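See structure below.
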Number of protein chains: 2
Amino acid sequence: MVNISDVARAAGVSKATVSYVLSNDPRITEQTANKVRKAVKELGYTVNHAARALSANETKTFGIVSPAYHSNYLSGLFGLHVYLMSECAAQYGYDTLFIGNDDGAEAMLKAWNSRKVDGFILMDVRDDDPRMRIAAKMNMPTVVFGSPKDSFGLDVVDSDFVKESENIIDFLESENHAEITLVLWSKQIFKRRLGFALRFYDSIMAIADRHGLVVHAVSPDDDNADPTQIIEQALDAYPQSTAMVIYNEPATIVGPRTFAQLDIRVPDDLRVVTVFPKQLVTTMKIPFAAVQTDVGQLAKASMQLLMSRVANRDAPKAEVLFDFPLVIEP
Amino acid sequence: MVNISDVARAAGVSKATVSYVLSNDPRITEQTANKVRKAVKELGYTVNHAARALSANETKTFGIVSPAYHSNYLSGLFGLHVYLMSECAAQYGYDTLFIGNDDGAEAMLKAWNSRKVDGFILMDVRDDDPRMRIAAKMNMPTVVFGSPKDSFGLDVVDSDFVKESENIIDFLESENHAEITLVLWSKQIFKRRLGFALRFYDSIMAIADRHGLVVHAVSPDDDNADPTQIIEQALDAYPQSTAMVIYNEPATIVGPRTFAQLDIRVPDDLRVVTVFPKQLVTTMKIPFAAVQTDVGQLAKASMQLLMSRVANRDAPKAEVLFDFPLVIEP
DNA sequence: CTGAAAGCGCTTACAG
DNA sequence: CTGAAAGCGCTTACAG
């Protein structure tokens with residue numbers, strides 16, 4: 001494999017000069033630089049990553065650490081997240097290391113200690129997440145994708161659940177719904193204290209209460225419960241509700257079929273509002289009013305935050321919350 | 001950050017000895033090894049990845065290179081694949097680098113030339129895929145996840161489309177269906193020559209023909225076509241068909257709702273067979289007969305192949321094809 | 001404006 | 001059974 005010495009020899013300069021050219025050091029003459037670039041091209045040279053990382057003490061790689069499974073359930077969103085983050089990272093010249101199938105905290109610590117990455121994105125964060133503790137303690141550049149109660153001083157990106165809830169409740173009120181049913185993520189997810197589930201619940205309950213709406217919250221016992229049954233049970237239990245808010249991925253996917261089978265026309269017989277990634281609303285043709293989460297924007301923002309953080313470890317912590325629109329006509 | 005010299009000093013041995021202990025070299029006494037291990041633990045030492053990689057010339061990292069988007073459509077399977085492969089890799093002490101958002105071939109070449117990975121898994125391979133050409137030409141340890149017509153001498157893992165097709169056709173014949181409709185992946189995907197789409201089509205058509213079944217194949221023009229409409233059009237165009245085989249992810253997801261809306265009872269009014277990942281059949285409660293692809297097995301097999309290939313670049317090429325069962329009662 | 005040289009933190013023949 | 005030393009391929013003060 002061709003190395004920097006080969007290039008230096010071919011271009012008739014020193015290794016140092018080659019290195020400077022590669023990092024666009026302005027001290028090198030355009031003429032010299034061109035000789036070097038030509039040699040690089042001709043020899044098909046690529047910097048050895050390990051050597052560069054060892055010497056420069058940076059890897060140009062970030063770790064995306066995800067528990068991935070919400071208990072047994074793998075979200076369709078997951079792949080989208082990985083893909084989009086990686087795409088953003090590439091624009092900054094960063095590669096993406098996928099970390100943590102089981103114990104994310106441990107895998108993260110190992111990646112950090114071995115200096116395999118420059119920073120982390122934490123997916124599916126829960127309150128009191130050990131990954132956050134470790135990141136904070138070791139001062140690892142880290143952005144938290146999610147809404148933990150305490151972010152341990154780490155940078156945070158997420159949807160603005162308060163605004164989302166307000167939008168939903170305002171809309172339902174404008175349609176004069178007085179009693180609504182909430183189909184939420186499973187109890188397993190609540191028990192694991194996943195931020196998105198907790199924050200959404202807290203905020204929508206608070207706001208509905210303030211507006212004097214009657215809310216019936218329903219949450220399946222576990223993730224693998226049949227989502228169709230969840231919906232049916234919710235309908236049976238609260239027939240007086242005129243609207244249903246679904247914040248549960250499988251239930252959203254299965255919802256259209258379930259209502260069709262029960263001969264419930266949406267929105268005429270029942271107004272249904274969901275919270276779902278914009279990208280999947282389209283793909284899966286979800287025919288509900290939906291707060292369309294834009295995963296692309298979230299990915300972009302978290303990458304930007306991470307880059308800033310890597311550049312300046314001591315910058316004040318940032319928090320970016322997105323107010324995604326409630327789209328009535330899908 | 002604590003390094004190997006710190007450990008050597010603390011344990012009262014040389015750096016070489018520490019390194020040998022870390023790689024479980026049998027030449028080191030148990031006694032010495034224990035001293036070293038104690039020091040490692042006390043100091044919280046982790047091998048510096050870049051240094052190790054540079055010196056040993058192996059990264060213990062593989063690249064999973066995926067175009068990810070089948071044109072505009074991101075498969076729900078994608079995340080599952082990434083997750084499961086990464087999980088398998090971890091068992092071999094390998095990390096997973098996610099590669100290639102746009103030009104996979106170029107990104108792959110760069111990762112290889114910079115020696116950032118030891119090998120690759122190629123996702124969503126198409127006939128004549130430039131990634132395969134490059135992998136073969138540069139002799140990169142690579143396993144192809146998919147069924148290209150020509151695998152360029154690379155290792156291959158996939159479903160056995162011939163057997164799948166036989167199972168489906170045998171089953172339909174046993175139920176006395178004489179005329180069936182095939183809902184396939186989009187024309188975009190066929191145009192891009194994705195192996196799974198082409199191979200499935202070829203094999204099921206051949207086998208149906210051999211059995212004297214009449215087959216009507218339908219394929220949406222593009223990936224973002226409304227899958228509901230595809231199904232409706234297929235039903236309209238071929239009302240005489242008594243069975244429908246769906247090999248198209250969005251159509252499978254949307255299928256149950258579509259049939260419900262049209263008041264078509266499955267399987268009484270229409271037998272429906274799909275090909276779908278076992279894991280998602282469960283999650284999405286797909287109520288169809290299904291060839292349940294086990295992504296876990298595929299991931300495991302490809303990882304094993306890759307490990308063998310890394311260990312022996314000159315071993316004869318391997319091909320592992322899985323005959324996944326057709327499950328009638330979901 | 002360019003180069004000689006030290007150093008990053010490991011591994012691995014080789015010697016003893 | 002263990003250690004001294006070379007070497008992996010870069011980057012980066014420093015000198016000129």
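Residue numbers begin at 1 in each chain, while the letters A, B, ... track the order of the sequences. All values derive from a computational prediction rather than experimental measurement.
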Which part of the nucleic acid, if any, lies within reach of [X] when heavy atoms closer than 4.0 Å are counted: base, sugar-phosphate only, or nothing?
{"X": "A:S23", "answer": "nothing"}
{"X": "A:S19", "answer": "base"}
{"X": "B:S5", "answer": "nothing"}

Return the value, rounded to whole Å, for the distance between atom [atom1] of [X] and atom [atom2] of [N].
{"X": "A:D25", "N": "D:dA13", "atom1": "CG", "atom2": "P", "answer": "11 Å"}
{"X": "B:E58", "N": "D:dC8", "atom1": "CD", "atom2": "C1'", "answer": "13 Å"}
{"X": "B:N48", "N": "D:dG9", "atom1": "CG", "atom2": "P", "answer": "17 Å"}
{"X": "B:I28", "N": "C:dT12", "atom1": "CD1", "atom2": "P", "answer": "13 Å"}
{"X": "A:R52", "N": "C:dG7", "atom1": "CZ", "atom2": "C1'", "answer": "16 Å"}
{"X": "B:M1", "N": "C:dC8", "atom1": "CE", "atom2": "P", "answer": "15 Å"}
{"X": "A:N34", "N": "C:dC1", "atom1": "CG", "atom2": "P", "answer": "15 Å"}
{"X": "B:K15", "N": "D:dC8", "atom1": "NZ", "atom2": "C1'", "answer": "13 Å"}

(request) Using a strict cut-off of less than 4.0 Å between a Lys/Arg side-chain nitrogen and an Asp/Glu carboxylate oxygen, indicate whether B:E42 and B:R37 qualify as a salt bridge. (result)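 Looking at B:R37 together with B:E42, the answer is no, because their closest N to O distance does not fall below 4.0 Å.
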(message) Looking at B:R309 and B:D155, is there a salt bridge between them, counting it only when a charged N and a carboxylate O are closer than 4.0 Å?
(response)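 Salt bridge present between B:D155 and B:R309.
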(request) Take A:N113 and A:M138, measure what side-chain contact (heavy atoms from CB on, under 4.5 Å) needs, and give me the verdict at the end. (result) CA-CA 10 Å; A:N113 282 340; A:M138 310 286 288; 3.9 Å; yes
(message) Measuring only between side-chain heavy atoms, which start at C-beta, is A:T46 closer than 4.5 Å to B:W112?
(response)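 Contact flag for A:T46/B:W112 side chains = no.
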(message) Would you say the ring centers of A:F120 and A:Y94 fall short of 6.0 Å from each other?
(response)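 Not under 6.0 Å, so no.
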For [X], I'd like to know if atom [atom1] has over 12 heavy atoms of other residues, nucleotides or ligands within 6.0 Å.
{"X": "B:E106", "atom1": "CD", "answer": "no"}
{"X": "A:K35", "atom1": "NZ", "answer": "yes"}
{"X": "A:K317", "atom1": "NZ", "answer": "yes"}

To the side chain of [X], which of [options] is closest?
{"X": "B:R27", "options": "C:dC1, D:dT11, C:dC14", "answer": "C:dC14"}
{"X": "B:L54", "options": "D:dT11, D:dG9, C:dC1", "answer": "D:dG9"}
{"X": "A:T32", "options": "D:dG7, D:dT12, C:dC1", "answer": "C:dC1"}
{"X": "A:S14", "options": "C:dA4, C:dT11, D:dC10", "answer": "C:dA4"}

(request) For A:P26 and for A:A16, find the nucleotide of DNA chain C with the closest heavy atom, then tell me which residue's nucleotide is more 5'. (result)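 Whichever sits nearer the 5' end wins; that is A:P26.
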(request) Report the secondary structure of DNA chain D in dot-bracket form, marking unpaired bases with a dot and bases paired to a different strand with |, and treating Watson-Crick or G-U pairs with both distances under 3.5 Å as paired. (result) |||.||||||||.|||
N/O (side chain, [X]) to phosphate O (OP1/OP2, [N]) under 4.0 Å:
{"X": "A:Y20", "N": "D:dC10", "value": "no"}
{"X": "A:N3", "N": "D:dG9", "value": "yes"}
{"X": "A:T17", "N": "C:dG3", "value": "yes"}

(message) Go nucleotide by nucleotide along DNA chain D from the 5' end; which of B:A33 and B:S55 gets its closest nucleotide reached first?
(response)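 Between the two, 5'-proximity favours B:A33.
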